[in-house]
Amino acid sequence: MARAMLEYSKQILAKVSFDAKLFCKELAKVTRLLQPHEIEEIRIFIQPLLRKNPELNRCLIYIN
């Protein structure tokens, strides 16, 4: 079940990466729902999204 939540979170983050405000909101939710090791997976997953959309970098405060 936890793995499904991680995959679902990745899908949502990818879908909202066009809007920094939505992305920040969803990233904040993810950090409350997932375990620390899963948050590390999210950190790795969002790296390409951050390179593609530099305005998303401000959202990193939620996972640091």
Side-chain angles (χ1 to χ4, degrees):
M1 179 81 155
R3 190 75 190 167
M5 188 61 181
L6 175 63
E7 293 305 317
Y8 178 72
S9 298
K10 287 178 180 181
Q11 289 176 354
I12 295 299
L13 288 171
K15 287 181 182 180
V16 300
S17 65
F18 68 92
D19 182 2
K21 187 174 179 180
L22 273 174
F23 188 82
C24 288
K25 182 179 173 183
E26 291 300 327
L27 191 58
K29 271 195 236 179
V30 165
T31 60
R32 290 191 306 267
L33 297 173
L34 298 178
Q35 299 295 318
H37 67 279
E38 294 171 322
I39 293 172
E40 188 58 36
E41 279 191 56
I42 291 291
R43 185 188 317 265
I44 294 166
F45 171 77
I46 65 172
Q47 290 305 313
L49 297 174
L50 297 175
R51 281 192 291 276
K52 186 177 177 184
N53 302 317
E55 67 274 3
L56 300 178
N57 282 322
R58 68 183 180 149
C59 304
L60 289 176
I61 61 170
Y62 296 107
I63 58 171
N64 287 334

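Note: hydrogens, waters and symmetry copies are ignored here, and every other heavy atom, side chains too, is used.
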Quiz item: Same cluster for L34 and I61 if Ile/Leu/Val/Met/Phe/Trp/Tyr side chains link at under 4.5 Å?
Solution: yes
Quiz item: Which pairs, with at least one residue in residues 8-18 and sequence neighbours excluded, count as a salt bridge (charged side-chain N to carboxylate O under 4.0 Å, His left out)?
Solution: E7-K10, K10-E41
Exercise. Could you tell me which non-hydrogen atom of C59 sits nearest to which non-hydrogen atom of A20, and how far apart they are?
Key: SG-O, 3.5 Å
Quiz item: Within a strict 4.5 Å, meaning less than it, do heavy atoms of the S9 and L33 side chains meet?
Solution: no
Self-check item: More than 12 heavy atoms of other groups within 6.0 Å of F18 CZ
Solution: yes
Quiz prompt | CD on E26 to OG1 on T31, rounded to 0.5 Å | solution = 11.0 Å
Extract all donor-acceptor atom pairs below 3.5 Å that involve side chains of residues 45-57 and protein atoms in other chains or at least two apart in sequence.
unit_1, atom_1, unit_2, atom_2, d
Q47, NE2, R43, O, 3.2
N53, ND2, S17, O, 3.1
N57, ND2, P54, O, 3.1

Quiz prompt | Heavy-atom pair with the smallest gap, counting every atom of L13 and L27 | solution = CD2-N, 3.8 Å
Quiz item: So do E40 and Q35 actually touch side chain to side chain, heavy atoms under 4.5 Å?
Solution: no
Quiz item: For the atom pair NZ (K25) and OH (Y62), what is the distance rounded to the nearest 0.5 Å?
Solution: 11.0 Å
